[in-house]
Amino acid sequence: MKFEHLIEINDPLNPLIDTLTVEQVWRGLVLRAESPKLFVPHLDECEISERTDNGFSRRLRYGELVIEDKVVLLPQLQVRYAVAAQKDISASSLVMTIEMPDEHSLWVRFQYDDGNDAATDAANAMYDDFRRSAYQESDIDTIRILRELAAEGRLDAGLLN
């Protein structure tokens, strides 16, 4: 299943939406990678290991299910999650990209790839519709939480460093 969608962050035509900076969105997306329990309530545990200049490895535990992934950070632009095939889990990825089509607009593009071929995707079409919907709702929640954190000043530079 390949799936992508955009969530608008700043809408210059809607004065009711608080404007966020690229830096705030970036800090929020990094916070989601480093402290996912703030964004994923059913996550039991997240251990970060093997930090490098451009990312880190994680071990996520959801009850008995354990998933290991790698996070690659492209500053102010992109957060990439890569899950290698492990036990009953196939390789998959999620890429979150900050997009600024003009000086007043700001979006985040979410791109999912479960690593399956076209034949498997066709066989899983109904199941994948549910997954797409769940992913989109999760991403909307991510941006909602990110907005709440920004409103509280928790995405300001001085508080994260």
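When reading the values below, keep in mind they use all heavy atoms of this one structure, side chains included, and skip hydrogens, waters and symmetry mates. On a predicted model such as this, the values are computed, not experimentally measured, just so you know.
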Enquirer: Show, in sequence, the C-alpha distance, side-chain angles and deciding distance for His104 and Asn10, and conclude whether the side chain to side chain donor-acceptor pair (under 3.5 Å) test is met.
Expert: CA-CA 7 Å; His104 303 291; Asn10 295 340; over 6 Å; no
Enquirer: May I ask you to say whether Glu68 pairs ionically with Arg58, meaning some side-chain N is under 4.0 Å from a carboxylate O?
Expert: no
Enquirer: Mind checking what makes side-chain contact (heavy atoms from CB on, under 4.5 Å) contact with Asp53, not counting sequence neighbours?
Expert: none
Enquirer: Hey, could you give me the CD1/CD distance between Ile98 and Glu23, rounded to the nearest 0.5 Å?
Expert: 9.0 Å
Enquirer: If you group Ile, Leu, Val, Met, Phe, Trp and Tyr by side-chain heavy-atom gaps below 4.5 Å, do Leu94 and Met1 land in one group?
Expert: yes
Enquirer: Taking the side chain as every heavy atom from C-beta outward, state whether Asp69 and Leu60 have any pair of such atoms under 4.5 Å apart.
Expert: yes
Enquirer: Assigning hydrophobic clusters by single linkage (Ile, Leu, Val, Met, Phe, Trp, Tyr; side-chain heavy-atom cutoff under 4.5 Å), is Ile140 placed with Leu38?
Expert: yes
Enquirer: Going by the rule side-chain contact (heavy atoms from CB on, under 4.5 Å), which residues pair with Ser105 if we only count those two or more places apart in sequence or in a different chain?
Expert: Pro12, Pro101, Asp102, Trp107
Enquirer: Stepwise, does the side-chain contact (heavy atoms from CB on, under 4.5 Å) test hold for Val66 with Arg59?
Expert: CA-CA 7 Å; Val66 175; Arg59 184 177 180 275; 3.6 Å; yes
Enquirer: Which distance, rounded to the nearest 0.5 Å, do you find between the NZ of Lys70 and the OH of Tyr81?
Expert: 15.0 Å
Enquirer: In the structure I gave you, are the side-chain heavy atoms of Glu34 and Ile48 within less than 4.5 Å of one another anywhere?
Expert: yes
Enquirer: Kindly determine whether Val79 and Val71 satisfy side-chain contact (heavy atoms from CB on, under 4.5 Å), including the steps that lead there.
Expert: CA-CA 7 Å; Val79 178; Val71 178; 3.9 Å; yes
Enquirer: May I ask you to say whether Asp156 pairs ionically with Arg27, meaning some side-chain N is under 4.0 Å from a carboxylate O?
Expert: no
Enquirer: Looking at every non-hydrogen atom in both residues, tell me the closest pair between Phe39 and Leu31 and how far apart they are.
Expert: CE1-C, 4.0 Å
Enquirer: Is there a path of hydrophobic side-chain contacts, each under 4.5 Å between heavy atoms, that joins Phe56 and Leu77?
Expert: no
Enquirer: Hey, are the side chains of Trp26 and Gln78 touching, using non-hydrogen atoms and a 4.5 Å cut-off?
Expert: no
Enquirer: If Ile, Leu, Val, Met, Phe, Trp and Tyr residues are connected whenever their side-chain heavy atoms lie under 4.5 Å apart, and connections chain through other members, are Leu29 and Tyr135 in the same group?
Expert: yes
Enquirer: Rounded to the nearest 0.5 Å, how far does CG of Asp18 lie from CD of Gln24?
Expert: 9.5 Å
Enquirer: Do Val30 and Leu73 come within less than 4.5 Å of each other through their side chains, counting heavy atoms only?
Expert: yes
Enquirer: Using the side-chain contact (heavy atoms from CB on, under 4.5 Å) criterion, which residues pair with Val40? Sequence neighbours excluded.
Expert: His42, Leu43, Tyr62
Enquirer: Within the distance-only criterion (no hydrogens, no angle test), does the side chain of Glu148 pair as donor or acceptor with the backbone N or O of Leu146 below 3.5 angstrom?
Expert: no
Enquirer: Out of curiosity, does Met100 fall in the hydrophobic cluster containing Val95 (side-chain heavy atoms, cut-off under 4.5 Å, transitive links)?
Expert: no
Enquirer: Roughly how far, to the nearest 0.5 Å, is CZ of Arg32 from CD1 of Ile145?
Expert: 9.0 Å
Enquirer: Show your working on side-chain contact (heavy atoms from CB on, under 4.5 Å) between Glu99 and Leu106 and close with a plain yes or no.
Expert: CA-CA 6 Å; Glu99 297 184 6; Leu106 186 60; over 6 Å; no
Enquirer: Would you check, one step at a time, whether the test side-chain contact (heavy atoms from CB on, under 4.5 Å) holds for Asp139 with Ile7?
Expert: CA-CA 8 Å; Asp139 298 337; Ile7 296 181; 3.8 Å; yes
Enquirer: Return the CD to CZ distance between Gln111 and Phe3, rounded to the nearest 0.5 Å.
Expert: 11.0 Å
Enquirer: How about Leu65 and Ile89: do any of their side-chain heavy atoms sit closer than 4.5 Å?
Expert: yes
Enquirer: Can you find a pair of side-chain heavy atoms, one from Glu4 and one from Lys2, that are under 4.5 Å apart?
Expert: no
Enquirer: Quick check on side-chain contact (heavy atoms from CB on, under 4.5 Å): which of Ile17, Val25, Leu155, Thr142 does Arg147 satisfy it with?
Expert: Ile17
Enquirer: Look only at the side chain of Ser138 and the backbone of Ala134, and say whether a donor-acceptor pair between them is shorter than 3.5 Å.
Expert: no
Enquirer: Mind checking whether Ile143 and Ile9 have side chains closer than 4.5 Å, heavy atoms only?
Expert: yes
Enquirer: Is there a side-chain contact between Arg109 and Met96 in this structure, where contact means two heavy atoms from C-beta onward sitting under 4.5 Å apart?
Expert: no
Enquirer: Can you tell me if Lys37 uses its side chain to pair, donor with acceptor, with the backbone of Asp44 under 3.5 Å?
Expert: yes
Enquirer: Does the Asp114 side chain pair with the main chain of Ser92, one donor and one acceptor, at a distance under 3.5 Å?
Expert: no
